[in-house]
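To start, the structure under review is shown below, and the notes come after it.
We're numbering straight along the sequence, starting at 1. Every number for a ligand or one of its atoms is a count from 1 in the order of the listing.
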Amino acid sequence: MMSGFSRSWAGGLLAAATLLTTTACGSGTADTSAGSEGGKPEVIAAFYPLQWLSEQVGGSDTQVSVLTAPGVEPHDLELGIQQVTQLKNAALTVYIKGIQPAVDDAVDPETSFDAATAVQTIPAGEHAEEEEGEEAHEHEVAYDPHIWLDPARLATVATKLGERLAAADPAHAQGYKDRAARTAATLGALDQEFAKGLGTCRTKTMVTAHEAFGYLADRYRLKQVGITLDPETEPSPTRLSEVGKLAKAEGVTTIFTESLVSPKVAEVLASQVGAKTAVLDPLESKPSGDYVSAMRDNLKTLQTALGCTS
Ligand SMILES: [Zn+2]
């Protein structure tokens, strides 16, 4: 009696599972509205800066959604079945290969835009090999994937994104190109503000929580010393003392922390070298304002910390 009930219950589950599978398969092929919502092409941005960029360039011609929820560190994002399906159905997925292994695995090359392919990349952090860890490093790319922290490179991405959207939705091509040009101009102006604001500084060394600011350093001739390469890795004692020595030697007054990473390590380091801490936002998640206002806040923080005079 008891076992008979169990069996039929299990059988019911099995039937439900089969039904679910059938429905999922069916919707993939038969849904004629795939890639659109209310007639607009659906653009999926992997995480915040790409969401901001997609919204600027897509304007009212697209429906933009983001895979990484606000407040979530994007590097360790895992995708549910629903999100993978959403990716398959989207008109375009905008991502950066090397930031999120789960997204790298799920995207369809035909309907995705890897923003890293639009710009000249710089090599990944040089202390990458020194970091231990059993997690597979098979997804690691040879370049530093944090390209959005250089406004000039992001301007180039805006232009390329405009071309991709225009190709995907030819009826609205002019709108995409116009908005891409406006966005690129805004980012170009921001680049000029940074170049001017960081032109004359007492020190050019920035010690950061994780190595996210390589492109900013590259553009404005700063030297980035990241305590860790990625936000999930705990620095080794060797790395910490190495960074401490360097910070002292270069007269560093501020150790930068970021909102999504515990400031503990940076605070310990700061007290060891007699420095303060300040938040520098790598914009891996949505800031309180938008990309431009958060970057302006970063500029002010950098000017104070590095003793810039302009
Ligand atoms: Zn990062």
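- Listed here is the closest heavy atom pair of Val207 and Ala247: CG2-CB, 4.2 Å.
- Residues Thr208 and Glu258 have side chains that never bring a donor and an acceptor to within less than 3.5 angstrom of each other.
- Looking at His75, its N, O or S atom nearest to the Zn ion (ligand 1) turns out to be NE2.
- Residues Val94 and Ile147 share a single hydrophobic cluster, defined by chaining ILVMFWY side chains whose heavy atoms lie under 4.5 Å apart.
- When the Zn ion (ligand 1) is compared with the N/O/S atoms of Glu284, atom OE2 turns out nearest.
- Donor-acceptor pairing under 3.5 Å is recorded for the side chains of Glu284 and His210.
- As for His146, its N/O/S atom nearest the Zn ion (ligand 1) is the one called NE2.
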